[in-house]
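We use all heavy atoms of the structure for the numbers below, so side chains are in, but hydrogens, waters and symmetry mates are not. As the structure is a prediction and not an experimental result, all values here were calculated from the model. When a ligand or atom number is given, it counts from 1 through the structure's own listing order.
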Amino acid sequence: MCGNTKIGVFDSGIGGATVLKEIIKILPNQEYIYYSDSKNNPYGDKTDREILEICDKITKYLLKEKCTIIVIACNTASAKSVNFLREKYKNIPFIAIEPAYKMVYDYAYEDPTLIMATKGTMESEKFNLLYEKYNNNKTYLLPCVGLADIIENGDDKEIKKYLNDNIKKYKGIVKNVVLGCTHYPLIQKQIKEVLGDVNFFNGAEKVAEHLKKTMEKNGNALNKTQTIKFIDSQGLESKKQRFYEIIEEKNC
Ligand code: DGL
């Protein structure tokens, strides 16, 4: 596949901006469309069928917009829909994020680890295969029901309360934290305030590398300028603003 590339990126909301941000670091000059599906947020508690239908609909939309590569910037959507999408849209490369548990295996195998992800991700077959493959027998699994939603709404007080109620018990016990939902990198600072000096593992960097390799392999031409179009499924202006803040923020 040669010629111009158009990269579609989607998530249930603004969390996937943390993935796009990593992508832009190594592929700055591309044409991007980011689809924030606030209408169906959160994905974490939805059934497999619901997620498949939602992801299929978004894919159709991105293809109509002439995207040539699609990045699933949501762990829940990736875990539940990537096999289906790859099977259905055989000519489109799908780059899918997954919780960075292999990175723990590669770089910090000895250390106790907390994996934070949505309930949907943790119950998925894809995640369980990953977990069994790289299990270091010192790993705590925490389905963070409702957390992505709280982050999406951006209420700092609520975020702090959630973390105190749910992750404080791991303080002094875990050294690694896998941010298994693309919303969680947005609260690294608050997690550190509760858990102390932990090491974070985030799958976004691998997604960016995978995308770059795929484009090189497919002979996709590099564009000369960067364009980022933002779409929210409810047309919310507040999401658009938050999205560009994340993309432009230096320390996030
Ligand atoms: N950002 C998401 C993920 O990586 C989805 C969060 C949600 O909508 O529940 O799983």
May I ask you to check if ligand 1 and [X] share an N or O to N or O distance below 3.5 Å?
X: T118; value: no
X: A148; value: no
X: S12; value: yes

How does D149 reach ligand 1, by side chain, by backbone, by both or by neither, if only non-hydrogen atoms under 4.0 Å count?
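The answer is neither; D149 stays 4.0 Å or more away.
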Indicate, as side chain, backbone, both or neither, the part of N75 found under 4.0 angstrom from ligand 1 when only non-hydrogen atoms are considered.
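Near ligand 1, N75 shows its backbone as well as its side chain.
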Taking a hydrophobic cluster as the set of Ile, Leu, Val, Met, Phe, Trp and Tyr residues connected by side-chain heavy atoms closer than 4.5 Å, whether directly or through intermediates, do V198 and L147 fall within one such cluster?
yes
Closest protein heavy atom (residue, atom, distance) for atom 7 (C) of ligand 1:
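Going atom by atom, the protein heavy atom closest to atom 7 (C) of ligand 1 ends up being Y43 N, 3.3 Å.
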Protein contact of atom 9 (O) of ligand 1 - nearest heavy atom, named by residue and atom, plus distance:
G44 N, 2.8 Å
Salt bridge or not for K192 and D197, using N-O below 4.0 Å?
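Salt bridge between K192 and D197, a charged N being under 4.0 Å from a carboxylate O: yes.
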Thinking salt bridges, do K240 and D232 make one under a 4.0 Å N-O criterion?
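No, K240 and D232 are not salt-bridged.
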Answer yes if the ring centres of F201 and Y101 are under 6.0 angstrom apart, and no otherwise.
no
Before we go on, tell me: are the rings of Y61 and Y35 under 6.0 Å apart, centre to centre?
yes
